[in-house]
Number of protein chains: 2
Amino acid sequence: MLSKLGQAVTEQFAQRLRSIGIRPKHCGLLAAIRSMPMTSQLALGQALNLVPSAIVTMIDDLEALGAINRIADETDRRRYAIELTEKGAAMLQQATAIAQQVDDAILDSLGKTERDTLHQLLRKLATRSLQQG
Amino acid sequence: MLSKLGQAVTEQFAQRLRSIGIRPKHCGLLAAIRSMPMTSQLALGQALNLVPSAIVTMIDDLEALGAINRIADETDRRRYAIELTEKGAAMLQQATAIAQQVDDAILDSLGKTERDTLHQLLRKLATRSLQQG
DNA sequence: TATTGTTATACTCTATAACTATA
DNA sequence: TATAGTTATAGAGTATAACAATA
């Protein structure tokens with residue numbers, strides 16, 4: 001049931017994200033870029049546990065959307081620092097809002113107390129289960 | 001969080017299922033075959049919302065493992081009825097046991113009352129969210 | 001020789017559509 | 001002409017490995 005619900009949540013999120021042209025995986029990257037400004041591509045990839053080719057593709061996507069810029073590093077000409085543009089920051093904000101909407105839609109049938117209980121229980125599971133991967 | 005937990009559960013389940021040579025999707029099919037004995041392939045596919053080519057591949061997999069037999073229909077030579085073999089029934093039983101093990105592993109940190117509460121809350125979510133798909 | 005970023009390649013999963021043999 | 005099953009093909013998604021430029 002957890003598995004099916006998780007899929008349903010992911011799919012709803014993905015579907016609504018289409019309106020701003022990105023996928024769930026881009027959200028994590030955008031958030032990482034915001035929290036680690038001007039970091040190199042590979043460093044971002046390491047932080048998110050992504051292989052180099054994957055991060056390049058995603059950075060390509062975000063660059064095509066105008067969400068980020070590749071800034072050439074002056075001291076090391078192999079490197080590009082990734083900069084979040086205003087548009088990218090706006091997209092991240094929209095994505096966050098969409099996530100909130102999906103949360104609300106999913107939790108619609110639960111009252112405030114029930115939501116809190118659920119959140120607490122899930123967090124308890126997550127601390128154990130998400131560690132091993 | 002639901003999304004990540006769901007993924008973690010699915011992956012753990014998939015990993016343990018490897019020991020008996022099948023994937024999570026085969027479990028649903030095996031269960032359907034048991035509950036609908038001697039049904040045609042396409043009918044099974046419809047019951048599980050699968051396209052014909054997908055069900056054929058999965059039936060191929062299960063046949064190669066000796067879990068099912070294709071029985072030629074005597075009145076309609078296009079049709080094959082799917083029969084669960086003893087080995088297939090055993091596999092389904094093993095899969096069910098594995099699912100139980102994964103459940104226990106995931107729910108390890110929760111007490112009996114907490115598990116019941118979680119189950120109740122998730123079911124409440126599921127009745128709403130899993131309907132739309 | 002090692003590292004950053006990129007491209008090429010391959011592999012899985014899955015869906016669409018063409019095809020066969022029956023009806 | 002429609003249906004059961006099959007095969008071929010194409011599309012995402014993702015990982016591996018080869019590669020160029022630079023350190």
Side-chain angles (χ1 to χ4, degrees), chain A residues 3-4 6-8 10-11 13-15 17-18 21-29 32-33 36-65 68-83 133, chain B residues 3-4 6-8 10-11 13-15 17-18 21-29 32-33 36-65 68-83 133:
Chain A
S3 162
K4 282 185 186 170
Q7 262 184 276
T10 306
E11 186 165 326
F13 188 42
Q15 198 171 335
L17 277 181
R18 262 175 226 143
I22 60 174
R23 293 160 173 282
K25 61 180 180 182
H26 296 114
C27 292
L29 178 54
I33 292 170
M36 304 164 65
M38 302 306 277
T39 305
S40 74
Q41 299 187 179
L42 292 193
L44 285 167
Q46 278 178 355
L48 296 168
N49 239 329
L50 294 170
V51 296
S53 61
I55 189 100
V56 169
T57 310
M58 284 164 64
I59 294 284
D60 282 350
D61 295 342
L62 293 178
E63 192 178 37
L65 289 167
I68 58 103
N69 287 323
R70 279 176 162 101
I71 310 286
D73 187 306
E74 291 166 4
T75 66
D76 184 341
R77 299 215 318 245
R78 296 170 304 179
R79 268 195 165 114
Y80 292 96
I82 305 303
E83 173 193 59
Chain B
S3 162
K4 282 185 186 170
Q7 261 183 276
T10 305
E11 186 164 327
F13 187 43
Q15 198 170 336
L17 277 181
R18 261 175 228 143
I22 59 174
R23 292 159 175 283
K25 61 181 181 182
H26 296 115
C27 292
L29 178 54
I33 292 170
M36 305 164 64
M38 302 306 277
T39 305
S40 74
Q41 300 187 180
L42 293 192
L44 285 168
Q46 280 179 354
L48 295 169
N49 241 329
L50 295 171
V51 297
S53 62
I55 189 100
V56 169
T57 310
M58 285 164 66
I59 294 283
D60 284 350
D61 295 342
L62 294 178
E63 193 177 38
L65 289 167
I68 59 105
N69 287 323
R70 281 177 161 101
I71 311 287
D73 186 306
E74 293 167 3
T75 66
D76 184 340
R77 301 216 315 248
R78 295 170 303 180
R79 268 193 165 114
Y80 292 97
I82 305 304
E83 173 194 57

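Reminder, nothing fancy here: chain letters follow the sequence lines and each chain counts from 1.
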Scanning both residues in full, the closest heavy-atom pair of A/E63 with A/I68 reads N-CG1, 3.7 Å
First-last contacting nucleotides on DNA chain C - partner chain B, under 4.0 angstrom, heavy atom: C/dC13 to C/dA23
Give me the atom names and distance for the closest heavy-atom approach of B/I22 to B/C27. CD1-SG, 4.0 Å
Can you tell me how far C1' of D/dA15 sits from NZ of A/K25, to the nearest Å? 12 Å
For B/D76 against B/D73, the heavy-atom pair lying closest together: N-OD1, 3.0 Å
Separation of D/dT3 C1' from B/I55 CD1 (nearest whole Å): 16 Å
Looking at the side chain of A/D76, which of D/dT22, D/dT7, D/dA4 is the nearest nucleotide? D/dT22
Polar side-chain contact A/R77-D/dT22 base: donor and acceptor under 3.5 Å: no
Please find the pair of heavy atoms, one from A/T39 and one from A/A43, that lie closest to each other, and give the distance. CG2-CB, 3.3 Å
What is the minimum heavy-atom distance between B/L42 and B/P52, and which atoms define it? CD2-CB, 3.7 Å
Nearest-Å distance for atom pair CD/P, residues A/E74 and D/dT22: 16 Å
Does any donor-acceptor pair link the side chain of A/S53 with the base of D/dT16 at a separation under 3.5 Å? yes
Test B/I55 against every option in B/D60, B/L50, B/I82 by the side chain to side chain contact (heavy atoms under 4.5 Å, CB included) rule and name the one that passes. B/L50
How many Å lie between CG on A/L42 and C1' on D/dA20, as a whole number? 14 Å
Starting at the 5' end of DNA chain D, which residue's closest nucleotide do you reach first, B/V56 or A/R78? B/V56
What integer distance in Å separates A/Y80:OH from D/dA23:P? 11 Å
Kindly determine whether A/R70 and A/Q41 satisfy side-chain contact (heavy atoms from CB on, under 4.5 Å), including the steps that lead there. CA-CA 9 Å; A/R70 279 176 162 101; A/Q41 299 187 179; 2.8 Å; yes
Regarding the side chain of A/R23, the nearest nucleotide among D/dA4, D/dA12, D/dT6 is D/dA12
Nearest atoms (heavy-atom pairs only) where B/A81 meets B/M38: CB-O, 3.5 Å
Length of the CG-C1' vector between A/D60 and D/dT14, whole Å: 15 Å
Does OH in A/Y80 sit with more than 12 non-hydrogen atoms of other residues, nucleotides or ligands closer than 6.0 Å? no
Terminal axis angle for the helix from C/dT1-D/dA23 to C/dA23-D/dT1, five pairs an end, nearest 10 degrees: 40°
Would you mind reading off the distance between A/Q41 atom CD and D/dA21 atom C1', rounded to a whole angstrom? 14 Å
